[in-house]
Amino acid sequence: MKFEVAQQKALKTSIQQPEELISAITAIIDRCKVRAREASATLELVHPENRASAINLLQYQVLREFDLRGVQQSLKSLGLTRLANAEGHVLFSLLNTKYILEVMTGQTALTIPTGSISIDSAEELLAHKTASLLGSTKPKRRVRIMVTQPTQAATDYELVYNMVKNGMDCARINCAHDNPEIWLAIINNIKRAAKALDRKVKIAMDLGGPKIRTGTIEEGPRVQKLKPKKDSFGKVVEPARIQFVEAAVTAPLAEGLPMRTAWLKQLQKDDVITYKDVRGKKRKLLVAERTEESITAHSYKTAYVSTETEFTLKRNNEMTTILDLPPLSQAILLRKNDTVTLMKVPMVGQLPKMTTDGQLLKEACLSCYPKEVFDVAKIGEPILFDDGKIEGEIVTVQKDSFQVKITHAKEGGAKLKSEKGINFPTLDLGLKALTSIDKENLRFVAEYADIVNFSFVNSKEDVGDLLNELEKLDALDKLDVVLKIETGLAYENLFSILLQAMRSKTIGVMIARGDLAIETGWENIGTVQDEILSICSAGHVPVIWATQVLESLAKNGLPSRSEITDVAMSLKAECVMLNKGPYIDNAIQLLDKILILTENHRQKKERMLPRIKKAGF
């Protein structure tokens, strides 16, 4: 059923008369009731504790199917609600608005409509579901803090203890990294710290999901650069430090140069070692330190060494070479208007071949996986590499390959390396969100975690796959589900995704803003994340605000001004996620402080108005 043309027009134009407003709002109310009846079969599958929220979600879907700006402007002119924050209590707000308009026009007795989710009930529902999903939090702070655990958390109990002490409410472990042994060690440290601090910390584990990535690229030469630090005038302020190691006790790492044991045993402090680097430049090293465990030498000039470089101990003229070095990783340099071919068959990627005068002989090519992307690739479709750093367009398509023309790269070109992510923002690749590896990991998650974070969900069918798998593991009511919204398709299908997920008793949504911005466009991410917040509020679904929150602080020790503003905006959600970094304790402490201070000024989307105080109080 659709609105009549006249009603559609009334909604879109500036309505001045209360009678016209009553007619338009009545039409929306009637449609809300019809939508709930039409969805009765879907609602039967929803968990009983989510049914009222599911109905309200459907009613919000009706409300947002029409352009309400004319209605809102007219309601504002009358000093009434503009329905801008009505998502959690749609029918209640519509009925109350209609009631007030009818009182204004003398059309009704003074009775207040009942029977739907009220404003207070909506807030209570969301608070209850947030506590069920994410646990309790510190006094004076509504928004929870989730922190991604590094591998180090498996062996560094103090690191985990400080996270819990500083305000972490939920710990996130990403199954795309490490292994079950490390995951379990992290979990044990979290539980130990929580018990010591008399806290309950929820454990959330991410399933990796399908990854669309570039394949390997041919290895570079086995060369290592020795580079001293210089000041602005080119004067060496710190020599390059080179560690000599025995080949038998180390792999070819940047940690040191593996050499013959017999040659190393001769070295003494202040010995001079001479050599010619790969460019034929005469260089020397000075042995600066010798201990039982290591030998350190200094270089005061830049040099490039390889496994063929001959080192001579000047004291006795005994010569040796480096026994092994790791090959340099290479990348394909792509500039605007360059082309690169992606191949279906697994292969070692090839750099472009050029003539001596710079003419292209053969363009770069590399593999791309999974192979299913080649079945749906279309000419004219956009493609993004490495978190959107390189943009392109598919210009030719073959059975087992397609050619991409670069439409945007930074000035001078951008490097495309092995194992970098690829996005197809306008294509439905038909990939299952739940992979075979995810199913294996889900067994561990169901046994040890409180929450499963479901990556790259695109449709209600994806959600159905996860819930069915949880039923097989007898974990549907044991393991809470967070849906990571990180693709354009997931955003477009969010209503149906949430309704399907409501089969589970406790659910949440994570706005994975990094991938989502790439998929929907950087210029759209602000609007998209606000719409997701509104849709989730309509279903009383807690939201986790994720990706790059206080990232500069966590990684470098100093936050940017925009990061502080971003934290303030995160009060629209129920939880904020921090990623790992060497300064993570500082990030947790600052986030905790900002959330407590700013919650007096904002409740979800609504600005609160406490008495104005001086800055800093």
Side-chain angles (χ1 to χ4, degrees), residues 11 24-25 27-36 39 42-43 46 49-73 75-76 80-100 113-130 133 142-143 483 485 490-502 507-511 526-545 569-575 602-608:
L11 289 170
I25 291 172
I28 299 172
I29 292 170
D30 291 343
R31 181 66 188 122
C32 285
K33 293 176 179 177
V34 170
R35 178 65 59 85
T42 299
L43 293 171
V46 168
E49 291 198 19
N50 292 328
R51 201 155 290 154
S53 297
I55 292 171
N56 190 76
L57 178 63
L58 289 166
Q59 292 166 344
Y60 184 67
Q61 187 179 30
V62 169
L63 187 69
R64 294 303 307 278
E65 285 174 353
F66 301 90
D67 189 335
L68 296 172
R69 286 172 293 181
V71 169
Q72 289 181 299
Q73 187 61 38
L75 290 172
K76 176 185 175 182
L80 303 178
T81 175
R82 298 172 65 238
L83 302 172
N85 298 315
E87 56 264 27
H89 36 85
V90 175
L91 190 57
F92 178 87
S93 293
L94 289 171
L95 289 169
N96 270 281
T97 303
K98 179 186 175 187
Y99 162 76
I100 293 169
T114 59
S116 55
I117 296 175
S118 67
I119 296 172
D120 289 342
S121 297
E123 291 179 357
E124 290 170 5
L125 267 173
L126 181 57
H128 170 71
K129 293 185 177 187
T130 300
L133 179 70
R142 175 186 65 85
V143 177
L483 308 160
I485 305 303
Y491 169 62
E492 292 173 10
N493 295 329
L494 187 54
F495 282 102
S496 61
I497 284 172
L498 291 179
L499 285 169
Q500 179 76 289
M502 285 180 178
I507 66 169
V509 158
M510 179 185 290
I511 307 178
T527 300
V528 168
Q529 69 185 15
D530 279 348
E531 292 288 20
I532 293 173
L533 285 161
S534 294
I535 294 169
C536 289
S537 290
H540 313 115
V541 175
V543 172
I544 301 164
W545 184 277
M569 294 299 291
S570 71
L571 285 166
K572 297 178 180 181
E574 283 63 54
C575 181
R602 180 175 289 276
Q603 183 176 347
K604 291 286 288 179
K605 293 194 302 178
E606 298 180 67
R607 185 185 175 199
M608 308 304 288

Under the side-chain hydrogen bond (donor to acceptor under 3.5 Å, both in side chains) test, residues paired with N56 that sit two or more places apart: none
Salt bridge (charged side-chain N to carboxylate O under 4.0 Å, His left out) against R64, all qualifying residues, sequence neighbours excluded: E531
Contact list for residues 83-98, test salt bridge (Lys or Arg N to Asp or Glu O under 4.0 Å), sequence neighbours left out: E87-K605, K98-E102
side-chain contact (heavy atoms from CB on, under 4.5 Å) evaluation trace for I28 with L68: CA-CA 11 Å; I28 299 172; L68 296 172; 3.8 Å; yes
Over all atoms of both residues, closest heavy-atom pair of M502 and A54: SD-CB, 3.6 Å
N/O donor-acceptor pair under 3.5 Å between S121 side chain and I117 backbone: no
By side-chain hydrogen bond (donor to acceptor under 3.5 Å, both in side chains) - contacts of K572 (at least two apart): D530
Close side-chain approach of L498 and L483, heavy atoms under 4.5 Å: yes
Residues in salt bridge (charged side-chain N to carboxylate O under 4.0 Å, His left out) contact with E49, at least two apart in sequence or another chain: K505
Under the side-chain hydrogen bond (donor to acceptor under 3.5 Å, both in side chains) test, residues paired with Q500 that sit two or more places apart: none
Value rounded to 0.5 Å, distance of CD1 in I29 from CG in L63: 10.5 Å
All side-chain hydrogen bond (donor to acceptor under 3.5 Å, both in side chains) counterparts of Q529, not counting sequence neighbours: none
Nearest-0.5 Å distance that lies between atom CZ in R35 and atom CG in L57: 10.5 Å
Side chain to side chain contact (heavy atoms under 4.5 Å, CB included), paired with V541, selected from I507, L125, L126, L533: I507
Distance, nearest 0.5 Å, that separates OG of S116 from NZ of K33: 9.5 Å
Euclidean distance, L83 CG relative to K76 NZ, rounded to 0.5 Å: 14.0 Å
Test salt bridge (charged side-chain N to carboxylate O under 4.0 Å, His left out) applied to E492 - qualifying residues, sequence neighbours left out: none
Derivation of the side-chain contact (heavy atoms from CB on, under 4.5 Å) call for L499 and L58: CA-CA 9 Å; L499 285 169; L58 289 166; 3.7 Å; yes
Set of residues satisfying salt bridge (charged side-chain N to carboxylate O under 4.0 Å, His left out) with respect to R142, sequence neighbours excluded: E574
Which residues share a side chain to side chain contact (heavy atoms under 4.5 Å, CB included) with L80, sequence neighbours left out: L75, L78, I100, L101, M104
Pairwise side-chain contact, L94 with C32, heavy-atom cut-off 4.5 Å (strictly under): yes
Nearest atoms (heavy-atom pairs only) where G539 meets K129: O-NZ, 4.0 Å
Gap between atom CZ of F92 and atom OG1 of T97 - 0.5 Å precision: 9.5 Å
Donor-acceptor contact below 3.5 Å, side chain H540 vs main chain G88: yes
Set of side chain to side chain contact (heavy atoms under 4.5 Å, CB included) partners for A490, sequence neighbours left out: N458, I485, T487, I497
Residues which pass side chain to side chain contact (heavy atoms under 4.5 Å, CB included) with I55, listed by chain and number, not counting sequence neighbours: A36, L43, Q59
Rounded distance (nearest 0.5 Å) linking atom OG of S534 with atom OH of Y60: 4.0 Å
